[in-house]
Amino acid sequence: MFEHIPPFAGDPILSLNEDFHKDPRPYKINLSIGIYFDDAGRIPVLDSVRRAEGRVVAKGGPKPYLPIEGAANFRSAVQVLLFGAEHEAVTSGRVATIQSVGSSGGLKVGADFIARHFPGSGVWVSDPTWDNHRSMFEGAGLAVNTYPYYDAASGGLKFDAMLATLRGLPPKSIVLLHACCHNPTGVDLTAAQWDALIPVLRDAGLIPYLDLAYQGFGDGIEADARAVRALASAGLSFFIANSFSKSMSLYGERAGALSVVCPDAAQAALVLGQMKFTVRRSYSSPPIHGGQVVATVLTDPELRHSWVIELGAMRERILAMRKALHAVLCAKLPGRDFGYFLTQRGMFSYTGMSAAQVDRLREEHAVYMVRSGRICVAGLNTSNVEATAVAMAAVLG
Ligand code: LMR
């Protein structure tokens, strides 16, 4: 009956993480998956989140189905986090938000919505982008193309080429953008570059689709939402999927959201209705628990304050690891420029290593990274950063 079913080739990120866990070498180092590990190599339980969860559990009560669009307190807390409580887009009711199953679930609901209501639109993603972006949009039946982004020569951005490509796209093309902490390169647009990009998107009639999975890991919670707010203030209509997996260390709770910024409240109501239709015939409604933990952290001033501090400490630790890796590499391979480790932001850096070099690192040194050469800097710690840099230098040198 099922012999014709092709075998699953595995996922370039998740399968690698599974291989890491099967590796018996005790000195192995996991820089593969985008998860924040603390300095002891553990996934942290944030104190603010633990206390919020205690309150949610203590409240107890029945577990009815949530509405299709998710819990009202979660949805409004997400809008305040993304746009700020006073933003006109929020106060005028022109943002349609659903609670989604992680931000991946949100991305997929948005992709299905686009395939149904903008069937002629192609999707344009950065070259490179998160491996799953292409898969998700193609899975929804949309054609996926790339726009220039990463400049391998400088470890920076091909901004002029990016703008030139976007200027030439047909109206209503979907442009997938990373709001901060670009995955996989760590190369972000500066504020000035966002300000130059926004009129291009608007004048060409394009539909931005922002992915904000790492809010708080770049320059801070508010700073990392700058692009979202700037697009909304400029009057663009756009999609934004955001996640609490990393920012609250709640990976398995699958707490995320999809928001669509619309021209007015009447259109937002239409969009919300069709997003609900999409959800109902997909997974019906989201789970309760993770969303309530998130809403409790975001709406209780004391818990929110603690969370901001904890997230700040995670961001600072990543920056310290960037500096440590940079220092050892520069000492081992003088004359080479590793400055990009310091300028790239968020959990990821593109090392510029080839797939063959990545394979050697894994096989000979038990250092795991994605074959594109991406490392998760948050997998480094004071005990393994030196060994990582030495191994990288051995393979590069
Ligand atoms: C990553 O890029 O490693 C993370 O976003 C985890 C995932 O689902 O791929």
Side-chain angles (χ1 to χ4, degrees), residues 8 10-22 30-60 63 65-66 70-71 73-75 77-78 81 98-109 130-133 135-136 181 183-184 211-217 241-258 279 282-298 303 306-307 310-311 313-315 317-318 346-348 368 370 376-379 381:
F8 175 44
D11 179 85
I13 298 172
L14 301 184
S15 303
L16 184 66
N17 189 48
E18 286 168 19
D19 291 347
F20 170 83
H21 287 290
K22 285 185 213 140
N30 190 4
L31 310 181
S32 64
I33 195 165
I35 288 182
Y36 177 89
F37 297 94
D38 64 16
D39 200 51
R42 291 174 306 224
I43 297 176
V45 178
L46 303 190
D47 191 52
S48 50
V49 171
R50 188 185 51 73
R51 285 191 284 151
E53 184 156 45
R55 287 191 207 171
V56 170
V57 171
K59 215 187 277 170
K63 303 266 188 199
Y65 291 122
L66 280 181
N73 62 343
F74 175 89
R75 294 166 55 229
V78 164
L81 179 71
I98 60 158
Q99 177 181 344
S100 58
V101 182
S103 63
S104 295
L107 281 168
K108 177 66 164 77
V109 170
W130 181 47
D131 288 301
N132 213 23
H133 279 147
S135 197
M136 269 183 182
C181 307
N183 181 3
D211 187 346
L212 180 56
Y214 298 90
Q215 187 174 4
F217 284 93
N242 76 296
S243 171
F244 296 96
S245 297
K246 341 276 173 171
S247 63
M248 292 202 188
S249 197
L250 276 175
Y251 305 89
E253 291 293 351
R254 313 307 296 131
L258 173 68
V279 168
S282 172
Y283 56 86
S284 196
S285 59
I288 295 180
H289 185 77
Q292 285 310 295
V293 174
V294 169
T296 305
V297 172
L298 292 180
L303 293 179
S306 312
W307 172 61
E310 290 178 283
L311 183 48
M314 294 198 278
R315 180 172 63 249
R317 201 190 78 72
I318 292 175
M347 276 198 195
F348 303 113
Y368 280 68
V370 182
C376 177
V377 184
N381 56 53

Indicate yes or no for a side-chain donor-acceptor contact from [X] to the backbone of [Y] under 3.5 Å, with no hydrogens or angles considered.
X: K246; Y: G34; value: yes
X: S100; Y: G256; value: yes
X: Q99; Y: P286; value: no
X: S247; Y: Q215; value: no
X: E53; Y: G290; value: no

State whether R317 and D39 are salt-bridged, where the test is any N-O pair (Lys NZ or Arg NE/NH1/NH2 against Asp/Glu carboxylate O) under 4.0 Å.
yes

Which heavy atom of [X] sits nearest to which heavy atom of [Y], and what is that distance?
X: V45; Y: R50; result: CG1-CB, 4.1 Å
X: D38; Y: P44; result: N-CD, 4.3 Å
X: A255; Y: G291; result: CB-N, 4.4 Å
X: P12; Y: V370; result: O-CG1, 4.4 Å
X: A257; Y: V78; result: CB-CG1, 3.8 Å

R254 and side-chain contact (heavy atoms from CB on, under 4.5 Å): which single residue from S104, P287, S103 fits?
S104

Calculate, to the nearest 0.5 Å, the distance between atoms [atom1] and [atom2] belonging to [X] and [Y] respectively.
X: I33; Y: Y251; atom1: CD1; atom2: OH; result: 9.0 Å
X: L66; Y: Q292; atom1: CG; atom2: CD; result: 7.0 Å
X: S243; Y: L107; atom1: OG; atom2: CG; result: 9.5 Å
X: K108; Y: L258; atom1: NZ; atom2: CG; result: 12.5 Å
X: T296; Y: K59; atom1: OG1; atom2: NZ; result: 5.5 Å
X: N30; Y: N17; atom1: CG; atom2: CG; result: 5.0 Å

Below 30° counts as parallel, above 60° as perpendicular, anything between as tilted: where do the rings of Y36 and F217 land?
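If you compare the ring of Y36 with that of F217, the planes turn out tilted.
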
Are side-chain heavy atoms of [X] and [Y] found at a separation under 4.5 Å?
X: L16; Y: Y368; answer: yes
X: L298; Y: F244; answer: yes
X: S306; Y: R51; answer: yes
X: V57; Y: H289; answer: yes
X: V49; Y: E310; answer: no
X: I43; Y: S249; answer: yes

Does the side chain to side chain contact (heavy atoms under 4.5 Å, CB included) test come out yes or no for V293 and E253, once each step is laid out?
CA-CA 9 Å; V293 174; E253 291 293 351; over 6 Å; no

List the steps and the verdict of side chain to side chain contact (heavy atoms under 4.5 Å, CB included) for F37 and N381.
CA-CA 8 Å; F37 297 94; N381 56 53; over 6 Å; no

